[in-house]
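Everything below concerns the one structure shown next.
FYI, side chains are in, hydrogens and waters are out, and symmetry mates aren't considered; it's all heavy atoms of this structure.
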Amino acid sequence: QVQLVESGGGLVQPGGSLRLSCAASGTIFSINAMGWYRQAPGKDRELVAAITSLDNTNYQDSVKGRFTISRDSGWKTLYLQMNIVKPEDTAVYYCTADLRTAADPKTFLKVWGQGALVTVSS
């Protein structure tokens, strides 16, 4: 069983910075991509940033130049560095991974974390 656990959420002032982390555990056969989604109150969940197994990255337009997605070399931890945050960045942030497990390497799964709340307010 694979689990993703986010940490690093909290309250931050507008213009400030915050770094989210996502720790992956379990027996993973391979990872195709990992990403961060967010869901603000009353809104749909949306992709914020993603990184592929080739380290290609893509970002939602509203966070380009402010947020940076990165990972450790073993794909055990995913990060989202959030700079110059705005009130509209307030949301629950979810880590996700597209992967195959060692128990069933033929099946592709999308695994989600439980979410981390980020509140941008003065």
Side-chain angles (χ1 to χ4, degrees):
Q1 185 177 359
V2 174
Q3 286 189 319
L4 302 176
V5 179
E6 300 96 337
S7 61
L11 176 64
V12 58
Q13 291 188 341
S17 296
L18 200 67
R19 189 176 81 158
L20 300 180
S21 299
C22 170
S25 62
T27 49
I28 297 171
F29 180 75
S30 69
I31 293 180
N32 290 350
M34 295 188 76
W36 291 95
Y37 283 72
R38 68 185 179 187
Q39 187 166 20
K43 295 189 176 181
D44 293 334
R45 191 173 297 188
E46 60 182 9
L47 176 66
V48 177
I51 183 168
T52 72
S53 58
L54 299 179
D55 283 332
N56 295 318
T57 58
N58 68 284
Y59 297 89
Q60 182 190 108
D61 285 346
S62 68
V63 306
K64 284 181 180 177
R66 299 189 298 122
F67 291 8
T68 302
I69 189 171
S70 63
R71 60 170 184 89
D72 70 348
S73 59
W75 285 97
K76 287 296 186 182
T77 308
L78 182 72
Y79 303 99
L80 184 69
Q81 179 66 42
M82 306 167 62
N83 297 329
I84 317 175
V85 295
K86 304 175 181 180
E88 52 263 43
D89 295 322
T90 295
V92 177
Y93 285 72
Y94 297 90
C95 173
T96 184
D98 298 326
L99 55 81
R100 292 181 287 174
T101 66
D104 185 8
K106 295 182 180 180
T107 301
F108 288 87
L109 300 174
K110 193 173 191 73
V111 180
W112 293 84
Q114 84 287 352
L117 177 62
V118 173
T119 303
V120 182
S121 176
S122 56

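- Side-chain contact check for Glu6 versus Gln114: some heavy-atom pair is nearer than 4.5 Å.
- Contact check for Val118 versus Val120: side-chain heavy atoms found under the 4.5 Å cut-off.
- Remark: the backbone N or O of Ile84 is paired with a side-chain donor or acceptor of Arg66 at under 3.5 angstrom.
- Counting only heavy atoms from C-beta outward, the side chains of Val48 and Tyr59 never approach each other to under 4.5 Å.
- Contact check on Asp61 versus Lys64 returns a salt bridge, with a Lys/Arg side-chain nitrogen under 4.0 Å from an Asp/Glu carboxylate oxygen.
- Under the 4.5 Å side-chain criterion, counting only non-hydrogen atoms from C-beta, Trp75 is in contact with Ile51.
- For the residue pair Asp104 / Thr101, no side-chain donor-acceptor distance below 3.5 Å is found, with atom types taken as modelled.
- Here Ser21 contributes atom OG and Leu4 contributes atom CG; the two are 12.5 Å apart, rounded to the nearest 0.5 Å.
- With rounding to the nearest 0.5 Å, the separation of CH2 in Trp36 from CZ in Phe67 is 11.0 Å.
- Under 3.5 Å, the side chains of Tyr93 and Arg38 contain a donor-acceptor pair of N or O atoms.
- The side-chain heavy atoms of Leu117 and Leu11, taken from C-beta on, include no pair separated by under 4.5 Å.
- Side-chain polar atoms of Gln60 and Glu46 form a donor-acceptor pair below 3.5 angstrom.
- A distance-only check finds a donor-acceptor pair linking the side chain of Thr96 to the backbone of Val111 [under 3.5 Å].
- For residues 15-113, every residue pair satisfying the disulfide bond (SG atoms under 2.5 Å apart) rule, not counting sequence neighbours, is listed here: Cys22-Cys95.
- Geometric assessment of Arg71 against the ring of Tyr79 yields a negative cation-pi assignment under the 6.0 Å and 45° thresholds.
- No more than 12 heavy atoms of other residues, nucleotides or ligands lie within 6.0 Å of CG in Asp44, so this atom counts as exposed by the packing criterion.
- Between atom CG of residue Leu99 and atom OG1 of residue Thr107 there is a gap of 11.0 Å, rounded to the nearest 0.5 Å.
- Rounded to the nearest 0.5 Å, atoms CD (Gln13) and OG (Ser122) are 7.0 Å apart.
- Enclosure of atom CD in Glu88 by more than 12 non-hydrogen atoms of other residues, nucleotides or ligands within 6.0 angstrom is indicated.
- Between atom CD1 of residue Ile31 and atom OG1 of residue Thr52 there is a gap of 12.0 Å, rounded to the nearest 0.5 Å.
- Counted by atom type alone, Ser53 and Asn32 present zero donor-acceptor pairs between their side chains at under 3.5 Å.
- Taking CD1 from Ile69 and CE from Met82, the interatomic distance works out to 12.0 Å, rounded to the nearest 0.5 Å.
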